[in-house]
Trainee: 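Below is the structure I would like to discuss, written out as structure tokens.
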Number of protein chains: 2
Amino acid sequence: MKRKKGSRVTLQDVANHAGVSRATASLIVRNSPNISEGTRNKVLKSIRELGYVYDRVAANLRSQQSTTVGLIITDIANPFYSDLLVGVHNALEENGYTVFLGTTFDSDKKQEKLLSTMLEHRVGGVILCPVSDSSKETIERISHLNIPIVLAVREIKELQCDYVGIDYREGSKLAVEHLIKKGHRRIAFLGGSSESSAWKERKIGYYMALEEAGIDIDESLIIENTVTREGGVHAVTKALLLETPPTAAFCFNDFVARGVMQGLKEAGLVPGEDMAVVGFDNVQETVIYSPPLTTVSSFPRLIGTEAAKLLHERIADQEREQKRIILQPELVVRQST
Amino acid sequence: MKRKKGSRVTLQDVANHAGVSRATASLIVRNSPNISEGTRNKVLKSIRELGYVYDRVAANLRSQQSTTVGLIITDIANPFYSDLLVGVHNALEENGYTVFLGTTFDSDKKQEKLLSTMLEHRVGGVILCPVSDSSKETIERISHLNIPIVLAVREIKELQCDYVGIDYREGSKLAVEHLIKKGHRRIAFLGGSSESSAWKERKIGYYMALEEAGIDIDESLIIENTVTREGGVHAVTKALLLETPPTAAFCFNDFVARGVMQGLKEAGLVPGEDMAVVGFDNVQETVIYSPPLTTVSSFPRLIGTEAAKLLHERIADQEREQKRIILQPELVVRQST
DNA sequence: CTGAAAGCGCTTACAG
DNA sequence: CTGAAAGCGCTTACAG
């Protein structure tokens, strides 16, 4: 029963075919209760025979609702974010939302553009993992946005918003304490950029653990670099050139840690023996690093589901007070330490 | 300049504010050329001052267009698909589309539901990675669908559609020929289900390579199992119990291969020495398997961009003849063989 | 349950 | 460029 291009079957067509009014047909597609079984079945039959598909877009326009939600992440190829996406998806689809996906690749411009596009598409709300250096203008715009928004992973200090993240400070402290317990006293902090809040938080945790153990802080052991494998290679190479090189490395995340291990191997050293290495995030593949990586689990999937829940609540009640959910990280000990 | 909840600024508001007609304002937001600089700037200024956001949904409804596209994949946590997603995204965003994402987890029901939802949201087209056993009803429905659709990764024989995939047969042949060249004559084919077309194609390639080398086919070396790491463990365990176990394994994909390597280790054997292992897909993490995996690259990102291009073409010209794009795989030799 | 009317925010087509 | 009108496919509200 192919239809000609462009001739969409409308609710009116269904009503005519079933011999009822459009209003009645409308009630039926929306599952209204007080409709007799007889007419309901008659209409449902017509729907099937005509191949009618409900036009949610028209319905939403009229009723001023939305059944879509935007999700803006940093990088889909990063398992941390694809896991977060899975969490968001599972939670939102349960509630009948469909998700628009956008990837910023950490570019403020891209983020700006994605937000616009999603607004133009009348999303009911947005879950945003903000880029690390959101511009003043972007922040201004977001704060004037008239729709529910939940921040995830990274916070924007200037913005009063629902937020789901993890306790980077505590996670870093766990990691560094573990290294100290293993007998290390020269512990490097490798990778990441001091501009991002995620880095600052980690540094605080790193400081706290060292101070509590009475270890002096040596700023030369803190080596910034990009949050990539390459960044890890470069950072550890630089660390090895120090007069007294570190015996352990706390890495910004698992990718950096992988680079650090690679850099060690290139220098003829054995990760886990010549230098202990700890990562962050517990990305799936850390299990098969060689050696398997000790890391801090940051539960991206859970971040996703929690963010979705917050958004759902916020959409239901715009006046609800703001919530911050900070998940507690866990140390996962493997062979790299 | 916060607005009250629900009071959306409309094009009419902008027109009033700028002192022009709504028709003129409409032309300007759509970047029509024949408008004088003066009025254009006046209107753009009003847009900024009022914080107007274009309602693409209303516009699309009126003009019977769509600026969204649906992408239905099997599993977002699988790097093969997240890579494909990256390809689709890059290509489609260039053309101004926004993408609705759905994940089937290989369930026919889920697929059915996602298709419905996307249609209801008036997507302009769909890129579908079909589930492995799409039901007759689903196939019926898809074939009666009135919108552009492109299949990717898996083909549905009963369906005349644009398609982008890779040459599984050739890829399998490459892999098995490589093993034969290495001196192996008892080569197992592990994992996957004989129901899927992807499995059948691989088997044909496997047969072809063996036959050309004059090696008799031993059906007991073909061991089906789920397409997971666990499936790989089980399959290889079974293979090792054969009277004359294989000396090499061609695995359905990289995950299965990882399971196979794990199974070998559990049995006290060394992958790459006691048994050669080849995977399929060249998922990123194969580089860090131990040993690094020899595998067949299937270019998921390229599949994504090609599928997006096909869809874009199809949307522009519904009558265009169908295209099938079959990408040629490449063998990537590492230490597991 | 029906029927007629109005409206969501836009585009289209046309006379001026 | 303007202005008035119609329409995309639905929902809403109301009298019967």
Side-chain angles (χ1 to χ4, degrees), chain A residues 3 5-44 46-47 50-68 119-124 146-147, chain B residues 3 5-44 46-47 50-68 119-124 146-147:
Chain A
R3 286 174 292 115
K5 175 183 161 186
S7 69
R8 195 174 175 113
V9 175
T10 76
L11 203 51
Q12 187 63 263
D13 299 333
V14 170
N16 293 341
H17 186 272
V20 303
S21 76
R22 187 163 50 144
T24 309
S26 176
L27 287 172
I28 289 171
V29 294
R30 282 177 293 150
N31 274 321
S32 161
N34 33 11
I35 296 278
S36 75
E37 272 305 292
T39 36
R40 180 187 301 278
N41 287 334
K42 213 165 47 179
V43 171
L44 290 178
S46 296
I47 286 178
L50 296 178
Y52 170 71
V53 348
Y54 183 58
D55 192 328
R56 206 168 284 278
V57 164
N60 285 345
L61 175 61
R62 177 60 180 92
S63 61
Q64 295 291 73
Q65 297 189 327
S66 174
T67 49
T68 59
L119 287 178
E120 293 181 0
H121 279 286
R122 292 181 144 272
V123 292
N146 213 1
I147 60 164
Chain B
R3 285 174 292 117
K5 175 183 162 187
S7 69
R8 194 177 176 108
V9 175
T10 76
L11 202 52
Q12 187 63 264
D13 298 333
V14 171
N16 293 342
H17 186 271
V20 303
S21 76
R22 186 162 50 142
T24 309
S26 175
L27 287 172
I28 289 170
V29 292
R30 283 178 292 150
N31 272 321
S32 161
N34 33 11
I35 296 279
S36 75
E37 271 307 290
T39 37
R40 178 185 303 278
N41 287 334
K42 212 165 48 180
V43 171
L44 290 179
S46 296
I47 286 178
L50 296 179
Y52 169 71
V53 350
Y54 184 56
D55 192 330
R56 208 167 285 278
V57 164
N60 285 345
L61 175 61
R62 177 61 180 92
S63 61
Q64 295 291 74
Q65 297 188 327
S66 173
T67 48
T68 59
L119 287 178
E120 292 181 1
H121 279 286
R122 293 182 144 272
V123 291
N146 213 0
I147 60 163

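On a predicted model such as this, the values are computed, not experimentally measured, just so you know.
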Trainee: Let me see the working for B:V43 and B:I47 under side chain to side chain contact (heavy atoms under 4.5 Å, CB included), right down to the final yes or no.
Mentor: CA-CA 6 Å; B:V43 171; B:I47 286 178; 4.2 Å; yes
Trainee: For nucleotides 10-15 of chain C, just jot down a letter per nucleotide in 5' to 3' order: B, S or -, based on protein non-hydrogen atoms under 4.0 Å.
Mentor: BBS---
Trainee: Using side-chain hydrogen bond (donor to acceptor under 3.5 Å, both in side chains) as the criterion, list what pairs up with A:D13, not counting sequence neighbours.
Mentor: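 Result, side-chain hydrogen bond (donor to acceptor under 3.5 Å, both in side chains) vs A:D13: none returned.
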Trainee: Determine which bases of DNA chain D form Watson-Crick or G-U wobble pairs with both distances under 3.5 Å, and write the result as a 5' to 3' dot-bracket string with | for other-strand partners.
Mentor: |||.||||||||.|||
Trainee: What's the verdict on side chain to side chain contact (heavy atoms under 4.5 Å, CB included) for B:L61 and A:L61, showing C-alpha distance, side-chain angles and the deciding distance?
Mentor: CA-CA 9 Å; B:L61 175 61; A:L61 175 61; 3.6 Å; yes
Trainee: Could you state the atom-to-atom distance from CG of B:N16 to C1' of D:dG3 in whole Å?
Mentor: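 Rounding to the nearest Å, CG of B:N16 and C1' of D:dG3 are 13 Å apart.
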Trainee: If you look at every strand shown and take non-hydrogen atoms under 4.0 Å, does B:V20 touch a base, only sugar-phosphate, or nothing?
Mentor: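 Sugar-phosphate contact only - B:V20 comes under 4.0 Å of backbone atoms but never of a base.
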Trainee: Taking only residues two or more places apart in sequence, or in another chain, which ones meet A:S63 in a side-chain hydrogen bond (donor to acceptor under 3.5 Å, both in side chains)?
Mentor: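 Result, side-chain hydrogen bond (donor to acceptor under 3.5 Å, both in side chains) vs A:S63: none returned.
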Trainee: Is there any salt bridge (charged side-chain N to carboxylate O under 4.0 Å, His left out) pair reaching into residues 50-60 of chain B, and which pairs are they, with sequence neighbours excluded?
Mentor: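 The answer is A:E120-B:R56, A:R122-B:D55, B:R8-B:D55.
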Trainee: What contact category does A:R122 fall into here, base, sugar-phosphate, or nothing, at under 4.0 angstrom with non-hydrogen atoms?
Mentor: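 Sugar-phosphate contact only - A:R122 comes under 4.0 Å of backbone atoms but never of a base.
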Trainee: Does A:T10 reach the side chain of A:R22, with side-chain heavy atoms less than 4.5 Å apart?
Mentor: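 They are not in contact (no side-chain heavy atoms under 4.5 Å apart), so the answer is no.
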Trainee: Would you say B:S66's side chain and B:G124's backbone share a donor-acceptor pair under 3.5 angstrom?
Mentor: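 Flag set: sc B:S66 to bb B:G124 pair under 3.5 Å.
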Trainee: Checking A:T39 now: which residues fulfil side-chain hydrogen bond (donor to acceptor under 3.5 Å, both in side chains) with it, not counting sequence neighbours?
Mentor: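 A:T39 satisfies side-chain hydrogen bond (donor to acceptor under 3.5 Å, both in side chains) with A:S36 once adjacent residues are dropped.
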Trainee: Is there a side-chain contact between B:Q64 and the phosphate of D:dG7, meaning an N or O under 4.0 Å from OP1 or OP2?
Mentor: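 For D:dG7, OP1/OP2 do not have a side-chain N/O of B:Q64 under 4.0 Å.
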